[in-house]
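This is a predicted model, so every value here is computed, not measured. Just so it is clear: chains get the letters A, B, ... in the order the sequence lines come, proteins before strands, and each one is counted from 1.
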There are 2 protein chains.
Amino acid sequence: MGVACDLVILTVRDGSFEVLLIRRGIAPHRGRWALPGGFVRPAEDLEQTARRELAEETGVDSDRIHLEQVATYGEPGRDPRGRVISVAYLALVPDLPVPVAGSDAASASWIPVADVLADPGRLAFDHHRILADAVERARAKLEYSPLATAFCADEFTISELRGVYEAVWGVALDPRNFHRKATRTEGFVEPVGATTTRDGGRPAQLFRRGAATTLHPPLTRA
Amino acid sequence: MGVACDLVILTVRDGSFEVLLIRRGIAPHRGRWALPGGFVRPAEDLEQTARRELAEETGVDSDRIHLEQVATYGEPGRDPRGRVISVAYLALVPDLPVPVAGSDAASASWIPVADVLADPGRLAFDHHRILADAVERARAKLEYSPLATAFCADEFTISELRGVYEAVWGVALDPRNFHRKATRTEGFVEPVGATTTRDGGRPAQLFRRGAATTLHPPLTRA
DNA sequence: ACAAAAGTGTTTGCTCTACACCCATGT
DNA sequence: ACATGGGTGTAGAGCAAACACTTTTGT
């Protein structure tokens, strides 16, 4: 019985919530879009497999990237090659400096999540469902965890952080209330002590990710 | 590569939060406690495997039982027989009429969750960690889903429902505020129209599980 | 001067907690 | 009569949405 890891790699670029997809070069489903993934090697842990694939596709040192398991899909017949069960992982990456520097860059692209979710036939295998499950997990985790910072650079402004929430949730948030909430929630963000004017207007303080693993109280979606 | 499903079957009996464990009759780890489980058959879906094992262990028609996937564990070396990855499922069952009517009843027992969690060496394989993850999932889901009703009989009183929360969370809740919260949260419970005096005191209204899948607002732990 | 974004203060309404109090049964 | 648990009412604290307002830059 084959065991594979598939990756849902999400980012936020210019206010757009996007997923990294590859165009399959080999059968089955040759030429169709799919999630990046690969088989687990004999001596390899599941998370190691996921990190290896992540590094291959993004060219980024995967140690600093948030990666978590989402679910496992094992329906007989989900892969025409035979019985393959797939462990899906969710990766949240910042807007990468080099767009897609992986081994097979020509066939990998960032695609808006909303476009892919709106078209259930776009992805090969059962990858549409895997994507939907992973996106829902990401949306839910933004509420009660400081995970939105995983989409930001090391240092970020509060409005950049707000932009992540707005892109992922697809809603508009009040900048003033968001600012209060983000800065007052214990352990969410820590001031760096510097400012930037890169977002225009009055200089904004820079922040770094705080030490908290869960947010009390949570941020609420719309 | 072998693929198995392991089951964390939880219940609440007489105010005690308990897990169904079996004493292993064969190597490896013969004679030690473990979670029930078994290998996935070639033409079988993962959830089918879990439901089959659940029916074998509890003797209950598993269609009416809440079952959800928790996580997959695949560290090389977690099973001395070779490379086995295990998909863990969480099952929530009401206090069963026939305690444990499975095929191998003599070796299966309900054990208080707190006792098992307090002793990391009690379970075989990596089952302690699987149990801990599943219990945390169950505790979290009681907050924002109507899942506590899965531990109750078809018809239950509000104080019986409160007893589930108190047992699973290990806290005392205010009966008056809990009553208000449970009955006013849209879709959580619906009145049956009958009463019972089985809990003593003034007759209590009976309720059934409502239609909601998530609770707004959530119940809060302590 | 003006636009744009950062950040603070205030009002208003809601929710949650804690607890006083009454209700309906068994013994 | 009394104990036991069921259920409602209410005051006070705390939180959050909505929005007026001030601050600090670039052009």
Side-chain angles (χ1 to χ4, degrees), chain A residues 14-15 142-144 148 152-153 155-167 169 171-208 212 214-222, chain B residues 14-15 142-144 148 152-153 155-167 169 171-208 212 214-222:
Chain A
D14 300 324
L142 288 207
E143 296 194 40
Y144 58 88
C152 297
E155 301 189 346
F156 51 85
T157 67
I158 297 297
S159 68
E160 287 162 3
L161 185 63
R162 176 167 48 83
V164 168
Y165 278 91
E166 293 181 328
W169 285 348
V171 298
L173 299 173
D174 185 299
R176 299 156 294 187
N177 291 335
F178 182 87
H179 185 280
R180 207 184 341 245
K181 201 114 201 241
T183 52
R184 298 215 181 149
T185 298
E186 186 75 21
F188 190 9
V189 296
E190 308 186 326
V192 161
T195 61
T196 180
T197 57
R198 66 186 177 219
D199 300 329
R202 169 175 167 181
Q205 282 190 70
L206 284 167
F207 292 83
R208 224 192 295 278
T214 55
L215 303 183
H216 299 289
L219 280 81
T220 46
R221 230 188 292 194
Chain B
D14 301 325
L142 287 207
E143 295 193 42
Y144 58 88
C152 297
E155 300 188 347
F156 50 86
T157 67
I158 296 297
S159 69
E160 286 162 5
L161 185 62
R162 175 169 47 85
V164 167
Y165 278 90
E166 293 181 328
W169 285 349
V171 298
L173 300 173
D174 185 299
R176 297 155 299 184
N177 292 334
F178 183 87
H179 185 280
R180 206 179 347 241
K181 201 113 202 243
T183 53
R184 295 212 183 150
T185 298
E186 188 75 20
F188 190 10
V189 297
E190 315 187 318
V192 162
T195 61
T196 180
T197 57
R198 65 186 177 218
D199 300 329
R202 169 176 164 179
Q205 282 191 71
L206 284 167
F207 292 84
R208 223 191 296 277
T214 56
L215 301 184
H216 299 288
L219 279 83
T220 44
R221 231 187 292 193

## Note on the structure
Atom CD of A:E160 and atom C1' of C:dG7 are separated, to the nearest Å, by 16 Å

### Query
With nearest nucleotides of DNA chain D determined for A:P218 and B:T183 from heavy-atom distances, which residue corresponds to the more 5′ nucleotide?
B:T183

#### Entry: Sequence neighbours excluded - side-chain hydrogen bond (donor to acceptor under 3.5 Å, both in side chains) pairs with any residue from residues 177-188 of chain A
A:N177-A:R180

### Summary
The side chain to side chain donor-acceptor pair (under 3.5 Å) partners of B:R198 (sequence neighbours excluded) come to B:E160

### Task
Starting from P on D:dA17, measure out to NZ on A:K181 and report it in whole angstrom.
6 Å

### Summary
Note: for B:S159 and A:N177 on DNA chain D, the residue whose nearest nucleotide lies more 5' is B:S159

### Rounded distance in Å - CZ (A:F156) to C1' (C:dA6)
16 Å

### Smallest separation among heavy atoms of B:V192 and B:E155, with atom names
CG1-OE2, 3.6 Å

#### Entry: Under-4.0 Å side-chain N/O to phosphate OP1/OP2 contact, A:H179 with C:dA6
no

### Message
To the closest 0.5 Å, what do you measure between CG (A:L161) and CZ (A:F207)?
### Response
9.5 Å

### Query
Roughly how many Å is it from CG in A:L173 to C1' in C:dA6, rounded to a whole number?
16 Å

### Summary
Comparing A:I158 with A:G201, nearest DNA chain C nucleotide closer to 5' gives the residue A:G201

### Message
Which heavy atom of B:I158 sits nearest to which heavy atom of B:A182, and what is that distance?
### Response
CD1-CB, 4.2 Å

### Closest approach of B:T220 to B:W169 (non-hydrogen atoms, all atoms of both residues)
O-CZ3, 3.6 Å

### Query
Taking DNA chain C as the partner, which of residues 191-200 of chain A come within under 4.0 angstrom of it by heavy atom?
A:D199, A:G200

### Message
OP1 or OP2 of C:dA6 versus the side-chain N and O atoms of A:R162: is any pair under 4.0 Å?
### Response
yes

### Task
Consider the side chain of A:A204, meaning its heavy atoms from C-beta on, and name the nucleotide among D:dG7, C:dG7, D:dG6 that approaches it most closely.
C:dG7

### Message
Using a 4.0 Å heavy-atom cut-off, does A:P217 contact any base of the nucleic acid, only the sugar-phosphate backbone, or nothing at all?
### Response
sugar-phosphate

### Query
Please give, in whole Å, the distance from D:dT24 P to A:Q205 CD?
12 Å

### Query
For the pair made of CZ in A:R176 and P in C:dT10, what is the distance, rounded to whole Å?
15 Å

### Query
Rounded to the nearest Å, what distance is computed from the CZ atom of residue A:R202 to the C1' atom of nucleotide C:dA5?
9 Å

### Message
Quiz question: going by heavy-atom distance under 3.5 Å, is there a donor-acceptor pair between the base of C:dG9 and the side chain of A:R180?
### Response
yes

### Query
Counting any heavy atom closer than 4.0 Å, what does B:T157 reach on the DNA or RNA strands: base, sugar-phosphate only, or nothing?
nothing

### Task
Could you tell me the separation between the CZ atom of A:F156 and the CG atom of A:D199, rounded to the nearest 0.5 Å?
12.5 Å

### Task
Would you mind reading off the distance between A:L206 atom CG and C:dA6 atom P, rounded to a whole angstrom?
12 Å

